[in-house]
Structure formats: C-alpha cells, structure tokens
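The model shown is predicted, which means the values in this text are computed figures rather than measured ones. In listed order, ligands and their atoms are each counted from 1. The first residue of the sequence shown is numbered 1, and numbering continues consecutively from there.
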Amino acid sequence: MKMIFVTSNRGKVREAERYFSPMGVKIIQMKVEYPEIQADSLEEVAEFGIRWLKDRLDAPFFLDDSGLFIEALKGFPGVYSAYVYRTLGNDGILKLLEGVENRRAHFKSVVAYYDGELHIFTGKTEGRIIHDKRGRGGFGFDPIFQPEGFTKTFAEMTTEEKNRISHRGKAFRAFSEWLKENLI
Ligand code: IMP
C-alpha cells in the first residue's frame with residue numbers, strides 16, 4: 001500500500017521510508033506547505049494542519065509535527081522549534097545553554113493521519129543537550145541531542161538506530177500498529 005506524507009523535510013521522509021518499507025508500505029512525499037499556527041501544543045499545530053489540508057488534498061495522508069523541549073529553558077523551543085532552528089540553529093541553542101548545568105531535554109513527535117477522520121499518534125524521547133555538535137547524520141537538532149542511555153547523538157546513529165528509540169520512531173510504531181489492526 002501507499003501512504004502520502006505531507007512534509008517538505010527530507011529527513012523525516014527518510015525515517016518514514018526506513019520504518020515503513022519493511023512492512024510493504026511505500027511512502028510518497030507530498031510537499032505542500034501548510035500553515036503552522038502559533039499554539040500551546042504540537043497536537044493543536046498538527047490538527048490545524050490537517051483541517052487546512054483536508055479541503056485541498058485527497059485523503060488519506062499524514063503529517064508530523066515535532067519539537068525539542070529543553071528543561072532549563074522551560075520547554076523552549078517546543079512548538080517554536082522550526083523557527084528557532086531556522087534562526088538560532090544548533091549553535092544558538094548551545095550558546096543559550098552556556099554555563100547551564102541542567103541539560104535535560106526531550107523530543108516529541110505528533111503524527112496526524114487523516115482518512116476522513118483524524119487519528120493522532122505520539123512519541124517522546126528523553127535525553128540531554130551536549131556541549132558540542134557531534135555527528136553528520138539525521139537533521140535539525142540531531143547533532144546536539146544525546147538520547148538517555150546512549151553515548152551517541154541522534155546524528156551519530158543510522159536511520160534504523162534512530163528510529164528504534166526516537167520520538168518519531170515511537171509515533172510511527174503506534175501508527176503502524178493501528179494500520180495493521182485497521183488497514184494492512
Ligand atoms: P517541524 O515538525 O517540521 O515543525 O520541526 C520542528 C523543528 O524541529 C525543525 O527545525 C526540525 O528540524 C526539528 N526537528 C524535528 N524533528 C527532529 C528530529 O527528529 N531531530 C532533530 N530535529 C528535529
């Protein structure tokens with residue numbers, strides 16, 4: 001079967017392909033820019049995206065909205081992660097955390113699937129922001145995020161390794177379990 005993934009992020013597509021292709025699901029990327037509203041939660045941002053897209057695209061399709069939540073910054077950048085990545089980038093985050101001892105952070109991913117109805121799947125991964133960027137794989141904040149219990153950053157992992165423990169991998173797992181029960 002085929003699944004349309006609405007995103008302009010090639011890194012997210014690579015992770016989805018790696019995750020879903022072994023179960024015979026082909027991921028088709030559709031680059032449609034949808035408005036990302038200012039809201040308090042990733043779920044609200046994702047739901048708004050779906051409501052905007054459902055009048056413009058043929059269902060079914062899914063999207064992913066993710067964020068990095070840094071404890072010492074009270075959850076910032078969180079829902080503003082895309083803007084903060086574009087403006088401050090990884091170096092800016094490292095600078096904000098200079099001299100800060102508490103490096104705890106988590107990533108959260110909200111996968112929203114629309115098939116005439118909305119289905120939400122989430123995943124969260126705890127970890128810490130390291131002091132210097134490490135690794136060349138992945139995308140976004142991957143070089144500065146080291147998941148709990150691991151010595152590598154996400155950017156030092158293969159896509160399979162990252163999928164096994166990442167926020168998005170967990171959301172994909174919940175999504176694929178739902179698909180197996182309902183569709184595949
Ligand atoms: P959005 O979900 O496309 O709004 O992404 C929010 C921001 O977080 C973007 O700048 C992404 O690059 C970043 N981001 C999302 N998921 C990940 C991830 O798995 N690793 C690192 N950065 C991520």
Side-chain angles (χ1 to χ4, degrees), residues 4-20 27 29-53 61-70 73 75-94 96-97 103-113 120-130 132-148 150 152-175:
I4 292 174
F5 188 3
V6 183
T7 180
S8 45
N9 185 323
R10 190 56 217 153
K12 290 184 183 180
V13 174
R14 194 170 43 239
E15 290 175 14
E17 284 171 345
R18 230 15 95 71
Y19 190 90
F20 286 101
I27 298 295
Q29 179 182 12
M30 193 173 269
K31 289 186 195 173
V32 181
E33 298 284 342
Y34 53 89
E36 288 203 9
I37 54 156
Q38 216 170 325
D40 289 342
S41 72
L42 296 174
E43 282 86 349
E44 286 170 77
V45 179
E47 277 186 45
F48 185 89
I50 291 282
R51 265 189 269 125
W52 190 88
L53 287 165
F61 57 85
F62 72 97
L63 55 82
D64 163 292
D65 200 59
S66 316
L68 174 66
F69 298 76
I70 300 174
L73 304 179
F76 183 82
V79 290
Y80 308 109
S81 293
Y83 176 74
V84 168
Y85 183 74
R86 272 198 311 274
T87 52
L88 299 179
N90 285 323
D91 293 328
I93 295 285
L94 293 180
L96 278 179
L97 291 182
R103 315 289 294 193
R104 289 186 57 80
H106 70 263
F107 265 118
K108 183 173 173 183
S109 170
V110 172
V111 169
Y113 174 65
I120 296 270
F121 308 95
T122 63
K124 183 176 168 184
T125 296
E126 298 285 351
R128 53 190 297 276
I129 305 298
I130 56 167
D132 295 293
K133 290 179 277 185
R134 284 204 326 258
R136 322 190 84 210
F139 66 96
F141 300 111
D142 280 349
I144 60 168
F145 184 82
Q146 183 174 299
E148 203 168 83
F150 293 82
K152 290 182 190 176
T153 64
F154 270 166
E156 293 175 303
M157 296 182 174
T158 63
T159 304
E160 283 87 350
E161 281 174 317
K162 181 180 169 190
N163 270 347
R164 234 173 277 141
I165 55 168
S166 76
H167 47 304
R168 188 165 303 100
K170 289 171 188 164
F172 282 164
R173 197 164 313 138
F175 182 22

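- Across all non-hydrogen atoms, the minimal contact from Thr158 to Glu161 is N-OE1, 2.8 Å.
- Distances between N or O atoms of Arg168 and those of ligand 1 include at least one value under 3.5 Å.
- Remark: minimum distance from atom 20 (N) of ligand 1 to any protein heavy atom is reached at Asp142 OD1, 2.6 Å.
- Within the 3.5 Å criterion, the main-chain N or O of His167 finds no donor-acceptor partner in the side chain of Lys124.
- Residue contacts with ligand 1: Phe107 is included, with a non-hydrogen atom under 4.0 Å away.
- Near Tyr85, meaning under 4.0 Å from one of its heavy atoms, ligand 1 places the atoms 10 (O).
- Considering only non-hydrogen protein atoms, atom 1 (P) of ligand 1 sits nearest to Lys12 NZ, 3.4 Å.
- Annotation: Glu15 places no N or O atom under 3.5 Å from an N or O atom of ligand 1; distance criterion only.
- Summarising the geometry of Ser81 relative to Leu68, their closest heavy-atom pair is OG-N, 3.0 Å, with the distance given to 0.1 Å.
- Distances between N or O atoms of Phe141 and those of ligand 1 include at least one value under 3.5 Å.
- Under 4.0 angstrom from ligand 1, the non-hydrogen atoms of Phe139 come from both its backbone and its side chain.
- When each atom of ligand 1 is checked for a heavy atom of Ala82 under 4.0 Å away, the hits are 4 (O), 6 (C), 7 (C), 9 (C), 10 (O).
- When each of Arg134, Lys152, Glu156 is checked for a side chain to side chain donor-acceptor pair (under 3.5 Å) with Gln146, only Arg134 meets the rule.
- Under a 4.0 Å criterion applied to the non-hydrogen atoms of Lys162, ligand 1 contributes the atoms 18 (C), 19 (O), 20 (N).
- Considering backbone and side-chain N/O of His167, one or more are found under 3.5 Å from N/O of ligand 1.
- Side-chain atoms of Phe139 and Glu15, non-hydrogen and from C-beta on, do get closer than 4.5 Å to each other.
- In this structure, the side chain of Arg18 does not engage the main chain of Thr159 through any donor-acceptor pair within 3.5 Å.
- Atoms of ligand 1 found under 4.0 Å from any heavy atom of Ser81 (numbered from 1 in listed order, with element): 6 (C), 7 (C), 8 (O), 10 (O).
- The nearest protein atom to atom 12 (O) of ligand 1, hydrogens excluded, is given as Gly140 CA, 3.5 Å; this is a heavy-atom distance.
- Annotation for Asp64 and Val111: closest pair OD2-CG2, 3.9 Å, computed over non-hydrogen atoms.
- Relative to atom 15 (C) of ligand 1, the option among Ser66, Pro77, Gly89 with the closest non-hydrogen atom is Ser66.
- Going from atom OH of Tyr113 over to atom CD1 of Ile120 covers 13.5 Å, rounded to the nearest 0.5 Å.
- Ring planes of Phe145 and Phe107: perpendicular class, angle over 60° (limits at 30 and 60°).
- Not a single donor-acceptor pair under 3.5 Å links the side chain of Asp65 to the backbone N or O of Glu43.
- When heavy-atom distances to ligand 1 are checked against a 4.0 Å cut-off, Glu36 comes that close only through its side chain, counted from C-beta outward.
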